[in-house]
2 protein chains.
Amino acid sequence: MFQFATKTMRQKNKPITIDGIDKKILRKLMADARTPILEIGRHVGISGAAIHQRLKKLEKSGLISASRCIINPRILGYTTLAFVGIHLDKSMRSPEAVKLLKRIPEIIECHYTTGNFSIFTKVLCKNNEHLMHLLNDSILSISGVTSTETFISLDQQIDRQIKI
Amino acid sequence: MFQFATKTMRQKNKPITIDGIDKKILRKLMADARTPILEIGRHVGISGAAIHQRLKKLEKSGLISASRCIINPRILGYTTLAFVGIHLDKSMRSPEAVKLLKRIPEIIECHYTTGNFSIFTKVLCKNNEHLMHLLNDSILSISGVTSTETFISLDQQIDRQIKI
DNA sequence: TTTGAAATCGGTTGACG
DNA sequence: CGTCAACCGATTTCAAA
C-alpha cells in the first residue's frame, strides 16, 4: 500500500506546480485517504504507476502533510465543542501557559492570536458541565491566566479543507 | 484495500464499546489512515482478518467517520489563518447568511455560537491583504452582516483530535 | 512523464475453533 | 472473537518509450 512518509523521513520540501491530474488525485484522497492508487488511475485515465510517482512528488513537496482517519467524538459522548479565548497576565510568559495547555486533552487547537485574546483555543467536552470544569479547574487554574471567554458551538455548518 | 464506507452506504450507527485493541487500531489510523491492516495486526498481535472485522465494527458504529489526506495550505501560499466572529442584524435569518457563507471557499469552518457573535468562522487566506478583501468584499457585503471581529492566528501550537 | 510487466504485499471472504 | 487459507487486487520497482 502506498504510505505517506513520516515527518522524520521527509526531506526538505521542494517547490511544486500542480496540474489538473494532481488536483484530481488530491481531491480523491482528501475525500478518502484509502482510495486505491489503481482506482485513482482509472478515474483520471493514467496508469497506477504514474499516480504513484505523482503521489511521491506531492508528498515530497509537503503539500500532502498527513493522512488521518477522522473520529466522530459524539460517538464517545463528546457533544460540546467550544472556542475559548484566554487572557494572560502580562507578567506571564505565553510559552509557559501553552506548555500547560498542551497537557489538557480537551484542548484540540491552540493559537497565539491578534485581537482581544492572548491565546485562542478550541475545546471538546462531553457536555456543558464538563466544559465548566475544564474552564474552572484546568484552564483558569493555570497561573497567569486571568480570564476566559467562551463561545459554544451550537451547530457546525461548515467543516472542510482548502479548496483545490 | 480496506475502504471506509461512504455516508450513503453507512447504516444507522450501533452503540459500541471499544477495548484496548480497538484503541490501538484507532491510534494507528488516526496517525496514518493508510497504515496497512496487516501491519496493524502485527503491531497489536492478532491476525489481519481480525483487524478487518474490528474495523468494520468501528465503522458501523460511526466512530470512524472518514479518512482524509491532509493538505498543507502553506505550500499553496495560504499563510494566514484567522477566526472571524460575525454579528448579524436581528432581522436577518441566520440560515440565509450561512447559505451565502458556504459559497466562500476561504471559510473552512462555520458555527452558530453562544456568546458575543451570531456566527463564528475559521478562514484561510493567502496573506493579510487577502483577508482584508475577504472581510470587506465577501463577508461584510452579505446583507444582515453588521460587523465582524477578527483574530488572526500568529502561530498554531496545538492541532489534534480527541484523545483515544 | 508515462507505460506494462513482474514481484511482493495487502484486503477480503468463508469455514471453522 | 479469533485463526487459517485461498483468492484477488493493490503497491512498488524498473526498463523502455
Side-chain angles (χ1 to χ4, degrees), chain A residues 1-6 8-11 13-70 75 164, chain B residues 1-6 8-11 13-70 75 164:
Chain A
M1 167 178 311
F2 184 89
Q3 269 189 279
F4 302 118
T6 61
T8 49
M9 293 160 63
R10 199 186 299 136
Q11 309 296 337
N13 297 348
K14 297 186 197 170
I16 192 175
T17 52
I18 63 172
D19 64 13
I21 293 178
D22 291 321
K23 288 183 185 178
K24 285 186 181 177
I25 296 171
L26 289 169
R27 286 193 202 111
K28 274 278 187 195
L29 290 172
M30 286 166 80
D32 179 359
R34 291 185 73 105
T35 311
I37 288 180
L38 290 179
E39 190 183 314
I40 300 172
R42 289 187 290 268
H43 181 247
V44 307
I46 61 176
S47 71
I51 302 290
H52 184 259
Q53 285 193 200
R54 279 168 177 269
L55 229 22
K56 282 200 293 197
K57 177 195 71 177
L58 291 168
E59 198 201 315
K60 278 211 178 121
S61 76
L63 181 52
I64 295 179
S65 62
S67 89
R68 307 194 187 295
C69 88
I70 309 299
I75 306 297
I164 299 291
Chain B
M1 166 180 312
F2 184 89
Q3 270 189 278
F4 301 118
T6 61
T8 49
M9 293 158 64
R10 201 186 299 136
Q11 310 295 337
N13 297 348
K14 297 186 198 169
I16 193 176
T17 52
I18 63 172
D19 64 11
I21 293 179
D22 291 322
K23 288 183 184 178
K24 285 185 182 178
I25 296 171
L26 289 169
R27 287 193 201 113
K28 273 278 187 197
L29 290 172
M30 287 166 81
D32 179 358
R34 293 184 72 106
T35 311
I37 287 180
L38 292 180
E39 190 183 314
I40 299 171
R42 290 187 290 267
H43 180 247
V44 307
I46 61 176
S47 71
I51 302 290
H52 185 258
Q53 283 185 222
R54 281 169 176 268
L55 228 23
K56 280 201 293 199
K57 177 196 71 176
L58 291 168
E59 200 201 313
K60 278 209 178 124
S61 76
L63 181 53
I64 295 179
S65 63
S67 90
R68 308 193 186 296
C69 89
I70 308 299
I75 306 297
I164 299 291

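Nothing here was measured: the structure is a model prediction, and the numbers come from that model. Numbers restart at 1 for each chain; the letters A, B, ... are given by sequence-line order, proteins then strands.
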For atom NZ of B:Lys24, decide whether the heavy atoms of other residues, nucleotides or ligands shown that lie under 6.0 angstrom number more than 12.
-> no
Can you tell me how far P of C:dT13 sits from CD1 of B:Ile51, to the nearest Å?
-> 16 Å
So, with a heavy-atom separation below 4.0 Å from DNA chain C, the residues of residues 18-47 of chain B are B:Pro36, B:Ile37, B:Leu38, B:Arg42
Mark yes or no for whether B:Arg34, through its side chain, and A:Thr35, through its backbone, hold a donor-acceptor pair below 3.5 Å.
-> yes
A:His52 NE2 to C:dT2 P, straight-line distance once rounded to whole Å = 14 Å
For the pair A:Ser65 (side chain) and A:Gly62 (backbone), establish whether a donor and an acceptor sit closer than 3.5 Å, ignoring hydrogens and angles.
-> no
How far apart are the closest heavy atoms of A:Lys28 and A:Glu39, and which atoms are they?
-> NZ-OE2, 4.3 Å
Would you please name every residue forming a side-chain contact (heavy atoms from CB on, under 4.5 Å) with B:Ala50, sequence neighbours left out?
-> B:Ile46, B:Ser47
Options C:dT13, D:dG2, C:dT1, nucleotide nearest the side-chain atoms of A:Lys57 = C:dT1
Here the distance between atom C1' of C:dG11 and atom CZ of B:Phe4, to the nearest Å, is 13 Å
Determine yes or no for a side-chain-to-main-chain donor-acceptor pair under 3.5 angstrom, with B:Arg27 supplying the side chain and B:Ile164 the backbone.
-> yes
Rounded to whole Å, CZ of B:Phe2 lies from C1' of D:dC8 at a distance of 17 Å
For DNA chain D, list all stems, counting runs of three or more consecutive pairs where every pair is Watson-Crick or G-U wobble with both distances under 3.5 Å.
-> C:1-16 with D:2-17
Identify which nucleotide among D:dT3, D:dT13, C:dT3 has an atom closest to any side-chain atom of B:Gln53, counting heavy atoms from C-beta outward.
-> D:dT3
Where is the tightest heavy-atom contact between A:Ile18 and A:Ile16, given as atom of each residue plus distance?
-> CG2-CD1, 3.8 Å
Nucleotide D:dA10, atom P - distance to CD of B:Gln3 in whole Å | 9 Å
Nearest atoms (heavy-atom pairs only) where B:Glu59 meets B:Phe4 = OE2-C, 3.7 Å
